[in-house]
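Both counts, for ligands and for their atoms, begin at 1 and track the order of listing.
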Amino acid sequence: MEVRIAHLYPSLMNIYADRGNIITLAMRCAWRGIEVLVDEFGIGETPSWDDYDFYYLGGGQDREQQLVCRDLAAKREGLAEAVERGAVLLSICGGYQLLGDYYRTGAGETMEGIGLFRAHTVAGRRRCIGNIVVEADIGGSRLVLAGFENHSGKTFLDPGQQALGRVLTGFGNNAEDGLEGIVYRNAIGTYMHGPLLPKNPGLTDWLLARSLEHRQGQAIGKASPLPALDDSLEEAAHAVALRISGK
Ligand code: GLN
């Protein structure tokens with residue numbers, strides 16, 4: 001078994017230890033004997049879109065987002081088609097914003113997004129910063145996710161779009177409607193970093209299971225789930241994150 005990961009713009013979009021998410025994915029594969037390939041793609045470098053099961057786009061500030069935004073337009077079609085074919089995508093914070101329709105900065109500039117998510121982002125006056133806890137429904141299972149957020153952008157989903165979850169504590173998409181993130185097919189956008197995946201093994205394994213399905217072309221269901229791992233350290237980290245968030 002193998003999972004192939006494409007890490008987009010790792011040197012520009014990596015301000016919140018986003019590499020930790022990639023390491024977590026790779027380790028949870030390695031511990032199960034699943035081979036994992038991680039390739040990095042920067043400005044001007046285009047993945048062969050059929051070759052990857054998982055696309056990752058981390059967070060970045062406005063300056064980096066501006067650079068990435070122009071290049072991302074050239075990757076739009078390939079990435080959108082990969083998501084339609086069932087590839088997995090995880091995008092965090094500044095990356096999430098650029099996958100929506102647009103991001104209007106505090107300086108009044110508009111960065112065009114690639115419209116993969118039906119959502120838009122407008123800079124707010126205050127920064128949304130701190131620990132965040134979200135109740136999510138992932139593939140029919142309730143998961144309580146713990147993360148950290150730091151953004152001024154306020155993201156609003158178009159009507160009918162599915163949020164990743166409901167904010168239990170923190171700000172989430174816009175500090176107004178109680179929603180956090182977005183889910184479209186196997187693509188997720190979220191403001192949670194920290195990094196997110198080390199302390200949320202249930203989410204990580206959902207992403208891995210979908211990635212393996214994409215590779216193998218067959219469902220990984222309850223009958224043949226991913227082999228269980230000893231998650232005591234991950235669960236302890238999750239419990240501490242909830243405790244310091246007051247949950
Ligand atoms: N421009 C983004 C914001 O503050 C940056 C988010 C991020 O990735 N930290 O809204």
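No salt bridge links Arg4 with Asp50; every basic N to acidic carboxylate O contact stays at or beyond 4.0 Å. With salt bridges taken as basic N to acidic carboxylate O contacts below 4.0 Å, one links Glu176 and Lys154. A salt bridge links Arg142 and Glu135; the closest N-O separation between the charged side-chain nitrogens and carboxylate oxygens is under 4.0 Å. Contact check on Arg28 versus Asp205 returns a salt bridge, with a Lys/Arg side-chain nitrogen under 4.0 Å from an Asp/Glu carboxylate oxygen.
Near Asp62, meaning under 4.0 Å from any of its heavy atoms, are these atoms of ligand 1: 1 (N), 2 (C). Contact atoms of ligand 1 toward Gln61: 5 (C) (distance under 4.0 Å to a heavy atom of the residue). When each atom of ligand 1 is checked for a heavy atom of Gln65 under 4.0 Å away, the hits are 1 (N), 2 (C), 5 (C). Below 4.0 Å from some heavy atom of Gly59 lie the following atoms of ligand 1, by number and element: 8 (O).
Using a 4.0 angstrom heavy-atom cutoff, Ile15 counts as in contact with ligand 1. Within the 4.0 Å heavy-atom shell around ligand 1 one does not find Tyr191. At least one heavy atom of Arg127 sits less than 4.0 Å from an atom of ligand 1.
No donor-acceptor distance shorter than 3.5 angstrom exists from the side chain of Asp231 to the backbone of Glu235, with no hydrogens or angles considered. The closest donor-acceptor contact from the side chain of Asp53 to the backbone of Leu212 lies at 3.5 Å or more, if one exists at all. Asp101 places no side-chain N or O within 3.5 Å of a backbone atom of His120 that could act as its donor or acceptor partner.
Protein heavy atom at the shortest distance from atom 3 (C) of ligand 1 is Ser152 N, 3.4 Å. Of the protein's heavy atoms, Gln97 OE1, 3.4 Å lies nearest to atom 2 (C) of ligand 1. With hydrogens left out, the protein atom closest to atom 8 (O) of ligand 1 is Gly94 N, 2.9 Å, a heavy atom. When hydrogens are left out, the protein atom nearest atom 10 (O) of ligand 1 is Gly153 N, 2.7 Å; that is the closest non-hydrogen contact. Considering only non-hydrogen protein atoms, atom 5 (C) of ligand 1 sits nearest to Gly60 O, 3.2 Å.
Here the CD1-CG distance, from Ile5 to Asp39, works out to 10.0 Å after rounding to the nearest 0.5 Å.
Polar contact with ligand 1: absent for Cys93 (N/O pair, distance under 3.5 Å). Residue-to-ligand polar distances keep Ile92 apart from ligand 1: every N/O pair is separated by 3.5 Å or more.
For CD of Glu45, the number of neighbouring non-hydrogen atoms (other residues, nucleotides, ligands) closer than 6.0 Å is greater than 12.
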